[in-house]
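Throughout, protein chains are lettered first and strands after them, A, B, ... in sequence-line order, and every chain is numbered starting at 1.
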Amino acid sequence: MNIIGKSSIIAFCSVLAACGGESSDDNQALCEATPTEVNWDLLLQEQATKLSEYNLFEKSCDPTVAPNVGGFPYDLTTGLFTDYSSKYRFTFIPPNTSAAYSENEVLDYPVGTALVKTFALPKDTSVRGYKAESKFDGENIIETRILIHRENGWIALPYVWDEDRKDATLHISGKAFETSVVHKGERKDFTYGVPDIQTCKQCHQLTNTVGEGDEASTVSRFMPIGPKARLLNRDLEFDTGIQNQLAYMVEQGVLTGSPEDLSTIDTIPVFSDSTDLSSKTSSELEALAKGYLDINCAHCHRRTDTNDGSLKDDGKAGYSGLKLEYWRELMGNEVAHGVCKTPIAFTAEGIPFDVWPGDAAKSVIPYRMALDTAKRMPEVGRDLTHDEGVELVSAWINSMPVESCGQ
Amino acid sequence: MKTSIPSMKLGLASAIAIAALGMTGCGGDDSNDSADLDANQAVGVVASSLLNTAIDTKDADHETVIPAGAILLDADNLAESAAEAFANIKDGDVIVFPAGYYHLPAQLKITGDVFGNSEDGRLHNITIMGSGVNETVLNFSALEKGSKGETKGVDGLLISDVDNLVISDITVVEAGKNAIKVENIDGLHMHHLATIWDGTLTKENGAYGIYPVNSKNILIENTFTRGSADAGVYVGQSQKVIVRNSIAKENVAGMEIENCEDAEFYGNLATGNTAGLLVFDLPIGNGKYGSNVRVYNNEMIANNEPNFAVVSDFAGGVHIAPHGTGMIILSTSDVEIFDNTITDHSSFAVAIADYAFAESPENLAVMPDSLVDAGLAPQTKYLSVYEDGYSPTVRNITVRDNDINNAGYAPDAEKLGDFLYLFDNFVPDTPEGTLPAMIFDGAGQTLTETGIEIPGVGTFPLAPYNVAYTTDDYICAYDNTDSTGATVEMGTPYNPFAIQGWNDGDLTPSPAASDAGFTCGQSRPSLAKTVVTIGDATYGCGTDDTTSPGCTAPE
């Protein structure tokens with residue numbers, strides 16, 4: 001066991017100058033180190049009450065750095081927007097197992113895998129980064145969501161960080177609270193929602209038809225959203241240095257079947273709140289917007305078309321006809337992208353089409369992305385509008401050649 | 001479907017008793033405005049008495065039966081108790097809301113198996129029930145206001161991914177969006193329940209009351225809906241659907257199905273709505289289009305409420321429904337309407353219409369490739385949905401043996417201007433400013449039959465998207481009478497049985513004559529009945545129901 005004593009934490013802090021401020025009272029004691037062995041059996045079998053019981057991180061009070069053996073960080077080229085929170089993502093793959101590459105879907109992770117994502121709220125989005133030793137400075141960790149691949153499939157467990165930020169507690173019925181964030185100089189008040197366990201599945205679910213005719217039945221499959229090759233194919237800083245994430249996984253022996261040449265992967269371009277859109281060409285805007293819609297919308301707005309009406313990895317909103325997977329070419333699939341398509345269950349005067357090329361102001365997708373009401377999109381997972389996301393999708397629509405859409 | 005042994009019966013008397021014991025957390029208030037009530041104001045009264053609307057589920061003798069082993073929620077701490085029960089739900093759970101009038105601070109949601117217990121990821125055999133439609137009222141108006149006071153309503157109950165789901169004996173009021181939305185269900189029984197927006201009929205009310213979508217094997221019976229700004233009962237993109245013995249009152253559309261296959265409406269009453277019943281097939285592009293719909297033994301009475309839906313640019317939205325509508329069959333094929341009583345509708349009793357009723361024909365027309373390729377004309381935005389299997393025209397519609405009175409006397413001029421113009425100017429014997437009780441627009445069939453290219457517009461969708469009509473495809477209307485026994489005939493401005501002249505490109509309307517051909521020889525085989533399977537039980541007219549008119553047991 002590798003127990004790091006109080007003195008070494010103090011030393012660590014003094015080097016990084018991470019501790020201090022008004023919160024110096026006994027914070028060092030919050031960060032006890034834990035055994036280095038991830039509790040793989042517990043992940044597979046039970047819903048632990050406390051996050052620390054899984055032994056995922058070297059310091060149970062800090063889920064943003066230093067995973068125990070079997071864990072490594074991951075990041076996406078374009079993220080799913082959650083009220084300007086910061087996300088700290090880690091993959092934990094059990095020893096002697098590996099994930100299989102998938103061209104279009106989430107990597108095929110082995111049973112026992114845990115995807116662990118911690119959400120932190122910055123006071124000001126210009127200052128990001130969690131400092132466990134000075135827990136009330138800068139960012140505040142809110143919740144840690146764990147997706148675990150068990151024998152019957154994936155499950156999701158939401159853990160909310162305790163008041164003292166020493167540990168997080170399972171909250172299967174979720175939690176909502178009022179808070180605020182300063183973004184680009186503007187204070188935004190909002191309600192942050194930790195999803196209840198039922199809400200997790202509202203996004204994380206694909207539906208399939210099994211059997212034919214009268215024997216046909218429906219099977220619902222819980223699926224992760226982010227870790228797809230097209231979103232992972234980028235560099236990230238690991239403890240071994242900066243490296244492409246897929247290459248790192250191959251090198252660590254936890255990924256098989258990926259292409260020799262990673263540049264052949266149709267990768268979603270990097271987009272962040274600081275991406276400058278003004279310099280982008282229309283085809284660059286299309287790729288950025290399609291990537292944004294993929295990660296933010298296509299877990300519901302997806303459908304794998306079949307000839308017999310059966311469902312194959314159908315998203316929750318597959319029936320809407322709006323299908324936004326990145327791999328689906330815009331050319332020849334305009335209606336699936338919402339181009340000149342009327343929505344099936346949304347009405348607003350003066351906004352007739354999901355995408356009205358050349359006129360974002362009259363297009364449903366950016367309109368609903370900016371809504372704060374019942375008809376917002378996405379339906380769950382955000383309270384604030386992602387201004388930069390709306391700007392991106394709008395810029396893409398406005399860059400398209402004008403179409404009359406028969407009007 | 002109740003499989004457990006009845007352990008408790010709750011009627012009106014026991015609900016009053018429980019309320020009086022203080023279990024509902026109550027108080028007294030004379031206010032008639034339910035939105036102002038809080039949870040402490042229901043003491044000593046039946047919960048539904050706090051509503052302006054009287055609930056009628058067409059089943060006065062119904063007794064609520066709570067199965068043994070049910071999870072009884074805590075009336076003193078209902079919100080938390082319900083949230084916990086919903087979050088922890090497992091196969092076979094029966095969740096029971098106690099008697100009382102409750103304000104819920106959050107949506108109640110189920111999304112299938114979330115604990116990895118089942119191999120198919122779904123829940124099985126779930127019941128969500130109250131203690132009676134008058135005894136338990138859930139008010140979701142608190143969800144309408146966000147932290148900044150903005151309207152951000154959500155569905156009251158949102159339940160998905162369940163095999164065999166029962167929702168019963170409960171009333172849901174003032175939901176911000178839809179009252180009860182259920183998705184991706186196989187085997188759904190909704191009965192003895194009500195959804196209500198009390199008070200003024202306004203577009204601010206929620207959209208759908210009872211809202212199953214993307215599901216199959218659906219039985220909705222003995223329900224009551226009121227005040228929906230869209231449809232009281234709406235079933236969309238589903239297969240095997242029966243809606244029976246239910247009342248829809250004072251909604252925009254009383255009942256509506258969209259893009260459903262194998263559906264029946266019988267024994268229902270729609271009254272005071274803008275439109276009684278809508279059978280719509282919309283160009284969604286999801287491969288699911290409606291067919292085989294039977295509508296019989298329903299009462300459509302005085303659906304003349306001004307349309308209070310949100311106006312939109314969506315061609316197929318419910319805002320297009322004229323006030324004074326009995327039924328509209330819109331671009332849905334294989335529909336049989338018989339033995340209904342349709343009384344007092346200012347616009348019409350029955351309209352059968354191509355999608356051109358909702359969308360201008362110019363937008364539906366397919367342009368020749370030569371023009372499109374040369375950049376001389378845009379191709380119709382609907383081409384991909386035609387390729388997906390959608391047809392804007394109607395086929396094989398039978399309207400027979402209905403009792404139709406007092407219709408078309410003062411049509412909605414704003415929404416039916418084109419029809420009024422056509423009938424006034426081209427159809428003999430139509431009194432000015434009125435419409436026939438039954439109308440068929442006829443243009444789609446005629447254009448399809450003739451292949452006429454509308455100058456500068458193109459052709460109506462033709463082969464391969466639309467094939468020529470055979471006699472099996474015709475629109476038939478026969479043996480429809482009024483209270484005096486006189487025949488009620490179908491009127492059309494574009495008579496597909498009198499197409500002489502059309503081939504010359506003369507698009508002057510050609511009205512229906514008395515021998516218009518709609519009689520179809522006065523007989524036609526009935527469409528197949530729908531049987532709904534929920535668990536081990538089957539339901540349908542002639543299946544479990546052998547007493548309603550026309551529902552004899554199979555021999």
Trainee: What distance do A:T207 atom OG1 and B:N184 atom CG have between them, rounded to the nearest 0.5 Å?
Mentor: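 Here the rounded value is 4.0 Å.
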Trainee: Grab the two heavy atoms, one from B:A83 and one from A:S173, that are nearest each other, plus how far apart they are.
Mentor: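 Scanning both residues completely, I find the closest heavy atoms to be O-CB, 4.2 Å.
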Trainee: Test of understanding: with disulfide bond (SG atoms under 2.5 Å apart), list the residues that count as partners of A:C340, not counting sequence neighbours.
Mentor: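 For A:C340, the residues satisfying disulfide bond (SG atoms under 2.5 Å apart) (neighbours in sequence not counted) are A:C405.
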Trainee: In Å and rounded to the nearest 0.5 Å, what is the OG1 to CG distance from A:T209 to B:D186?
Mentor: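 With rounding to 0.5 Å, OG1 (A:T209) is 10.0 Å from CG (B:D186).
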Trainee: Just how far is it from atom CG of B:D120 to atom OG1 of A:T218, taken to the nearest 0.5 Å?
Mentor: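 Reported value, rounded in 0.5 Å steps: 9.0 Å.
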Trainee: Flag the pair B:D161 / A:Q205 as yes when at least one side-chain heavy-atom distance between them is below 4.5 Å, and no otherwise.
Mentor: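 A side-chain contact under 4.5 Å exists here.
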Trainee: What distance separates A:E379 CD from B:L158 CG, expressed to the nearest 0.5 Å?
Mentor: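 Output value for this atom pair is 7.5 Å.
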Trainee: In terms of heavy-atom proximity below 4.5 Å to chain B, should A:E334 be classed as side chain, backbone, both, or neither?
Mentor: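 A:E334 has no heavy atom closer than 4.5 Å to chain B.
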Trainee: Using non-hydrogen atoms only, which part of B:F86 is less than 4.5 Å away from chain A: side chain, backbone, both, or neither?
Mentor: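 Just the backbone, heavy atoms under 4.5 Å.
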Trainee: Does any heavy atom of chain A fall under 4.5 Å from the side chain of B:S118, the backbone, both, or neither of them?
Mentor: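 For B:S118, the backbone is the part near chain A, not the side chain.
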Trainee: Between the main-chain N or O of A:N152 and the side-chain N or O of B:E119, is there a donor-acceptor pair closer than 3.5 Å?
Mentor: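 A pair under 3.5 Å: no.
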Trainee: For the NZ atom on A:K362, are there more than 12 heavy atoms of other groups (residues, nucleotides or ligands in this structure) within a distance under 6.0 Å?
Mentor: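 Atom NZ in A:K362 is not packed in, count stays at 12 or less.
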Trainee: Given a strict heavy-atom distance threshold of 4.5 Å, which part of A:S404 is in contact with chain B: side chain, backbone, both, or neither?
Mentor: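 For A:S404, the contact with chain B is made by the side chain alone.
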Trainee: Tell me, for B:D230 versus chain A, whether the close heavy atoms (under 4.5 Å) come from the side chain, the backbone, both or neither.
Mentor: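 Neither the backbone nor the side chain of B:D230 comes within 4.5 Å of chain A.
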Trainee: Taking atom CD as the centre, does B:E80 end up with more than 12 heavy-atom neighbours from other residues, nucleotides or ligands that are less than 6.0 angstrom away?
Mentor: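 Count not over threshold, so no.
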Trainee: I'd like to know if the side chain of A:K201 reaches the main chain of B:S160, judged simply by a donor and an acceptor atom lying under 3.5 Å from each other, with no hydrogens or angles considered.
Mentor: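 Checking the backbone N and O of B:S160 against the side chain of A:K201, no donor-acceptor pair under 3.5 Å is found.
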Trainee: Would you find a donor on one side and an acceptor on the other, under 3.5 Å apart, between the side chain of B:Q237 and the backbone of A:Y319?
Mentor: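 The answer is no, because no donor-acceptor pair under 3.5 Å joins these two groups.
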Trainee: Is the NZ atom of B:K90 crowded by more than 12 outside heavy atoms at less than 6.0 Å?
Mentor: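 Counting other residues, nucleotides and ligands, NZ of B:K90 exceeds 12 neighbours.
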Trainee: Report, one line per pair, each donor and acceptor closer than 3.5 Å where one atom sits in a side chain of residues 205-212 of chain B; sequence neighbours left out.
Mentor:
residue : atom : partner : partner atom : Å
B:N205  : ND2  : B:G227  : O            : 2.8

Trainee: Tell me, for A:K316 versus chain B, whether the close heavy atoms (under 4.5 Å) come from the side chain, the backbone, both or neither.
Mentor: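 Both backbone and side chain of A:K316 come within 4.5 Å of chain B.
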Trainee: Find the distance between CG (B:D163) and OG (A:S220) and round it off to the nearest 0.5 Å.
Mentor: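 The distance works out to 8.0 Å.
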Trainee: Can you tell me how far CD of A:Q198 sits from CG of B:L108, rounded to the nearest 0.5 angstrom?
Mentor: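 Here the interatomic distance stands at 10.5 Å.
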Trainee: So, for A:I155 and B:F115, which heavy atoms are closest and what is the spacing to 0.1 Å?
Mentor: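 Heavy-atom minimum between the residues: CG2-C, 3.4 Å.
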